[in-house]
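Quick notes on the structure that follows.
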Amino acid sequence: MAEAAPEPCDLLLRGAAVVSWEGATPEGADAVAVGDGRVLAVGRADDLARRFAPRATTTLDGGLLAPAFVDAHTHPVFAAERAEEFDLKCRGASYLEVAAAGGGILASVRAVRAAGEDELAARVVRNLRRMQRHGTLTCEAKSGYGLSVADELKSLRALARAADEVGVTVLPTFLGAHAVPEEFRDDPDRYVDVLCEEALPAVVEEGLARAADVFVEEGAFSVAQARRYLERARELGLALRVHADQFHALGGVELAVELGAESVDHLEALTDAGLEALALSRRTFAGLLPVVPHFCAMGRDAPARRLIQAGVPWFVATDFNPGSSYTPSPPEAAHFARRRLGLSAEEALRGVTEHAAASLGLADRGRIAPGAVADLVHLDLPGVASFGYALGENPVRALWRAGRPVPVQP
Ligand code: NIG
Ligand code: FE
C-alpha cells in the first residue's frame, strides 16, 4: 500500500530528547512537528520526517527539548532593588523585622510610587526579559507595590504594556492587599474598604487582572480582612490566589480552600489542619516557593512530600521579587525544590511546567503533546536528571513561542 502523502507543517524541530513524563511521549522521541502555533506530533525524527513536509527544519545539537517554563507566582512590577535589605538579612535581621522597620514591601512601594508609568513599564520589560532568558514564556505576575488605587492601576497597565513588548504571556493578578500602606497604618480596615469599594471594581472595569491575591500574615492582613477582600474579588469574577502560612498559620489556608482559591502559596508554617483542608479540597493548589526560605533564612520549608502524598495539587514557582526571592530562574527554583523539599528532578520540572499551568487553568501549556501550544525551550542538559542540579548556569539555549523562535534579548 502506498504511503500517505506527507502533511504540511510549519516547523520540524529535531535532534534533542523530548522530555516525556511516564507514558506521555513515545520512548526515544527526539522531534516535534509544529503547525499553527501548536504541537502536531511528537516522535522519532525519522518517523516525523516521513509523516510531515515541514516548511522549516531546525536540527538541534543534543540536549533536551522541554515545555517552556510557566512561572505561576511572580512579582515583576517593581522599580528598584533592595540590596541594603539583603545585607541586613545576611547580618541576622528577619524578614518581618525588616518589614516592621519600614523596609520590605513598603520600600518597594515608595520606589513604584515615585516612578511614572513609562519608567515603570521599562523596568517591567527588563524584569520580564530576565524571566524569558531563563526559559519562562508564561507567567502569573502580581501587582502589589503600588498600594493606592492609582499606583496599582499604573502597575497593572505597565505590566500589560511590558508583556506585549517582551512577548511573554502574562496572567495578571491584582495584589492590592500585599501590605497595609503607611497612610493607613492606624486604620487597616479603611484600606480594605478602599480595596473593596474602589480598587477591585476599577481593576475589573479596565480588565487589568484575572485574579486577586492577598498576603495573610501578621503585620499584613488578618483572615477577616482577607475574607472581605477575597469575597468581593470573587463576586467581581476574579480568580483567587493567596499568600498564607509563610511565617504564621493564621487560618489563611483554610480560608483559601473555603473560598475555592486556585492556589495558596508559601506554606512553610502549614499546620496539620491546613494540610487536611487542602487534602479534602483537591482543588486549591499548594504553591511551593522554595527559594524564599533560603533567601530569608527561614529554617522551615513547606511540607512538600506530605502535600503530594495527600493528593494535593501543587506547583513550583520562583516568587521572583526583590525582597524574599530575587531570582527569575525556574531552573534555580527547581534546584531548591530538589535540595530543600526533596523533589525529584522530574517532579521539579513538572512543577515549573505542567503543574504550574494547571494551577492557572491552562490545560494546553506546560507539556509537549499534540494540541498543546508550541511554547518550547531547548535546554543544554544531558537528561532530566540534571534539571535543577547546577547552580549559577543558565541551561536555556533557545526558545520558541507558539512555534516561532524567540530572539532572547539581554
Ligand atoms: O511572596 N510574602 C509576601 N510577598 C512576597 C514578598 C514581597 C517582598 O518582600 O517584596 C513573597 O514572598
Ligand atoms: Fe509572593
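We count residues from 1, following the sequence as given. As the structure lists them, so they are numbered: ligands from 1, and atoms in each ligand from 1. Computed from a predicted model, the values in this text were never measured in an experiment.
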Counting distance only, does the side-chain N/O of E152 pair as donor-acceptor with the main-chain N or O of S143 below 3.5 Å? no
Under the salt bridge (Lys or Arg N to Asp or Glu O under 4.0 Å) criterion, do R241 and E262 qualify, and how do the steps go? CA-CA 6 Å; R241 301 179 84 87; E262 280 182 349; 2.5 Å; yes
Candidates D375, T138, T169 - the one meeting side chain to side chain donor-acceptor pair (under 3.5 Å) with R401: T169
Should R340 and E268 be marked as a salt bridge (Lys or Arg N to Asp or Glu O under 4.0 Å) after you check the CA-CA gap, both sets of side-chain angles, and the distance that decides it? CA-CA 12 Å; R340 294 189 71 112; E268 288 82 2; over 6 Å; no
Under the salt bridge (Lys or Arg N to Asp or Glu O under 4.0 Å) criterion, do R404 and D10 qualify, and how do the steps go? CA-CA 9 Å; R404 289 173 191 272; D10 295 327; over 6 Å; no
Can you find a pair of side-chain heavy atoms, one from L236 and one from P201, that are under 4.5 Å apart? yes
Would you say the ring centers of F387 and F69 fall short of 6.0 Å from each other? yes
Strictly below 4.0 Å, N to O, side chains only: are R300 and D245 in salt-bridge contact? no
Tally of protein N/O/S atoms under 2.8 Å from the Fe ion (ligand 2)? 4
Can you name the one residue among F86, Y326, Y95, F320 that meets ring-ring contact (aromatic ring centres under 6.0 Å, His included) with F295? F86
Run through ligand 1 for me and note each protein residue having a heavy atom under 4.0 Å from it, chain first, then residue number. H73, H75, R82, Y95, I105, Y145, H178, F215, H243, Q246, H266, D319, N321, G323, S324
